[in-house]
Amino acid sequence: MKRILFLLFLTFCASACGGASEISNPTTKETLITSTTSNTTTTTTAVLTTTTTVSPSTTTVVPTTTVQSDSLKTTKPNKKPADRYSCNINDQGFCIFTGQPHQNYLKPRSRTVVNIEGLELFSIEEAVAVNSQGEMLIARGTPAFDGDQMSQKAQAVLSEDEKAFHRVMATMFGIRNQLMYKVENLNKENWDMYVEPLKEREIKETTFTDGATPRDNYYGRDGIFELAKNSNGRDIHHDVMKFLEESGLYLLCHVTSQEFNQMLADTHPERHDPCEDAGIETKIPWDLNL
């Protein structure tokens, strides 16, 4: 009897254990299903995250384009171009500029462009200023540079302001050569001939050297000649360049229209109005008969 009861007990236990096993299986399956669902959710979330990441990257391109567009609208340079000039003091103590003279210029008291030996080349009516690459200079307030010269070309397509600009450049090329490269042999009579267009318009009449800083000082036509002839071994290239740049601008103010004068003010690197600084009361244009 005891043996029979023991066998029945074992049978019951086995049955109970098997039931427990069957109950745990659905739980396991459910867990797997839940895990799969979780993986699907995670995958979906990852896709959304990727989409969100791409969108800001595309958006950031727009501000960059806007900044570039704004910069192109700027009409005034932020600062004056760096000084590219210096001079060597020769054995006689003269300040001779580095670089090369302009190869041609307007002959004083004439309408003829000549080379540095004085040989006549062509009329000012068929001359335009070009840079060292042979490209015609744009009519504006930028001073002359090494390599600039006059080239023979018809002026039919040029405006009156552009024609006046090219004649100013031809005039300033001659004045620059005398002060920068030929000052050792320059005498007062020749200097007065070169600067006659400035004298006629009362440009650079006075010299002032009592300024608080060298920047406040300036030289007139006679003053810059005396300084150049008696520099006493001093590098005076800043004084010479200031005279040349301002003389060219003031001459340009006289011989061009009011609209051109306004453009000179709008594009001045130090935000000055050069034509106002010139103190012009009555404009004196180029004499068409000379």
Side-chain angles (χ1 to χ4, degrees), residues 80-110 112-121 124 129 131-132 137 142-150 167-211 214-252 278:
K80 187 176 181 178
D83 185 1
R84 309 192 313 177
Y85 294 96
S86 62
C87 68
N88 297 320
I89 308 302
N90 69 6
D91 294 340
Q92 288 72 43
F94 292 105
C95 175
I96 307 300
F97 277 67
T98 56
Q100 296 295 323
H102 301 285
Q103 295 304 298
N104 53 38
Y105 51 85
L106 181 62
K107 181 181 179 180
R109 299 174 180 172
S110 81
T112 305
V113 174
V114 298
N115 65 15
I116 53 179
E117 284 80 30
L119 178 66
E120 295 187 356
L121 301 177
I124 191 63
N131 62 21
S132 57
L137 300 183
T142 306
F145 289 105
D146 278 359
D148 292 349
Q149 62 179 331
M150 303 307 294
R167 183 164 175 176
V168 167
M169 298 304 285
T171 300
M172 293 307 300
F173 289 169
I175 297 174
R176 282 169 57 89
N177 276 2
Q178 300 307 309
L179 272 185
M180 296 171 67
Y181 305 107
K182 299 185 176 183
V183 65
E184 184 176 353
N185 298 316
L186 181 63
N187 60 47
K188 188 63 165 58
E189 182 180 0
N190 283 337
W191 173 247
D192 287 342
M193 279 199 309
Y194 277 96
V195 297
E196 202 167 78
L198 305 182
K199 180 180 180 181
E200 180 183 4
R201 295 164 178 82
E202 298 183 347
I203 295 172
K204 289 293 179 180
E205 291 276 279
T206 59
T207 294
F208 176 77
T209 58
D210 293 329
R215 184 184 179 86
D216 300 318
N217 298 330
Y218 53 85
Y219 287 85
R221 299 184 309 273
D222 292 339
I224 200 67
F225 173 80
E226 294 298 331
L227 178 67
K229 295 296 289 185
N230 300 281
S231 61
N232 298 318
R234 184 165 63 90
D235 185 340
I236 59 170
H237 87 274
H238 285 293
D239 301 305
V240 171
M241 293 311 300
K242 183 174 184 177
F243 172 86
L244 291 171
E245 291 177 12
E246 292 180 350
S247 296
L249 273 174
Y250 298 165
L251 180 56
L252 202 53

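In this text the structure is predicted, and so the values were computed from the model without any measurement.
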Engineer: Hey, does Leu106 have a side-chain heavy atom less than 4.5 Å from the side chain of Met150?
Structural biologist: no

Engineer: Check whether any side-chain N or O of Asn230 sits under 3.5 Å from a backbone N or O of Glu226 as a donor-acceptor pair, and report yes or no.
Structural biologist: yes

Engineer: Indicate yes or no for a side-chain donor-acceptor contact from Ser231 to the backbone of Gly93 under 3.5 Å, with no hydrogens or angles considered.
Structural biologist: yes

Engineer: Under the 3.5 angstrom rule, does the side chain of Asn104 hit a backbone N or O of Val113 as a donor-acceptor pair?
Structural biologist: no

Engineer: So with a 6.0 Å cut-off around CD of Gln100, is the heavy-atom count from everything else above 12?
Structural biologist: no

Engineer: Which atoms form the tightest heavy-atom contact between Ser110 and Arg167, and what is the distance?
Structural biologist: O-NH2, 4.4 Å

Engineer: Could you grab the distance from atom CG of Leu179 to atom CG of Leu227, nearest 0.5 Å is fine?
Structural biologist: 9.5 Å

Engineer: Might you point out which heavy atoms bring Ala228 and Ile236 nearest each other, and give the distance in Å?
Structural biologist: CA-CD1, 3.7 Å

Engineer: Could you measure the distance from the CZ atom of Arg176 to the CG atom of Asp146? Nearest 0.5 Å is fine.
Structural biologist: 6.5 Å

Engineer: If only atom types and distance count, is the side chain of Gln103 paired as donor or acceptor with the main-chain N or O of Pro101 below 3.5 Å?
Structural biologist: yes

Engineer: Write down the atom of Ser132, the atom of Asp148, and the distance for their closest heavy-atom approach.
Structural biologist: N-OD1, 4.4 Å

Engineer: Out of the candidates Trp191, Phe225, Phe94, only one should pair with Val183 under the side chain to side chain contact (heavy atoms under 4.5 Å, CB included) rule; please name it.
Structural biologist: Phe94

Engineer: Do you know the tightest heavy-atom contact between Arg201 and Leu251?
Structural biologist: CD-CD1, 3.6 Å

Engineer: Give the intermediate values and the outcome of side-chain contact (heavy atoms from CB on, under 4.5 Å) for residues Leu137 and Asn131.
Structural biologist: CA-CA 6 Å; Leu137 300 183; Asn131 62 21; 3.8 Å; yes

Engineer: Tell me every residue that passes ring pair (Phe, Tyr, Trp, His ring centres under 6.0 Å) with Tyr181, counting only those two or more places apart in sequence or in another chain.
Structural biologist: none

Engineer: For Phe97 and His237, take the angle between the two ring planes, folded into 0 to 90°, and tell me which bin it lands in: parallel under 30, tilted 30 to 60, perpendicular over 60.
Structural biologist: perpendicular

Engineer: Considering only residues two or more places apart or on different chains, which pairs with a residue in residues 180-195 satisfy salt bridge (charged side-chain N to carboxylate O under 4.0 Å, His left out)?
Structural biologist: Lys188-Asp192, Lys188-Asp222

Engineer: Donor-acceptor pair, Thr207 side chain versus Gly220 backbone, under 3.5 Å?
Structural biologist: yes

Engineer: Considering residues at least two apart in sequence or located in another chain, which fulfil the salt bridge (Lys or Arg N to Asp or Glu O under 4.0 Å) criterion with Glu196?
Structural biologist: Arg109

Engineer: Checking Val240 against Tyr219 for the side-chain contact (heavy atoms from CB on, under 4.5 Å) test, could you report, in this order, the C-alpha distance in whole Å, the side-chain angles of both residues, the deciding distance, and whether it holds?
Structural biologist: CA-CA 8 Å; Val240 171; Tyr219 287 85; over 6 Å; no

Engineer: Report the distance from atom OG of Ser86 to atom NE2 of His238, rounding to the nearest 0.5 Å.
Structural biologist: 9.5 Å

Engineer: Closest heavy-atom contact between Asn217 and Gly211?
Structural biologist: OD1-N, 2.7 Å

Engineer: How long is the gap from CG on Leu244 to CG on Leu249, to the nearest 0.5 Å?
Structural biologist: 11.5 Å

Engineer: Measure the spacing between CD1 of Ile224 and CD of Gln178 and express it to the nearest 0.5 Å.
Structural biologist: 14.0 Å

Engineer: For a quick test of reading the model, state the closest non-hydrogen atom pair linking Ala144 to His102 and the distance between them.
Structural biologist: CB-CE1, 4.1 Å

Engineer: Give, for atom OH of Tyr194 and atom NZ of Lys107, the distance between the pair rounded to the nearest 0.5 Å.
Structural biologist: 9.5 Å

Engineer: For Tyr218, does its backbone N or O pair with a side-chain atom of Lys204 as donor and acceptor, under 3.5 Å?
Structural biologist: no

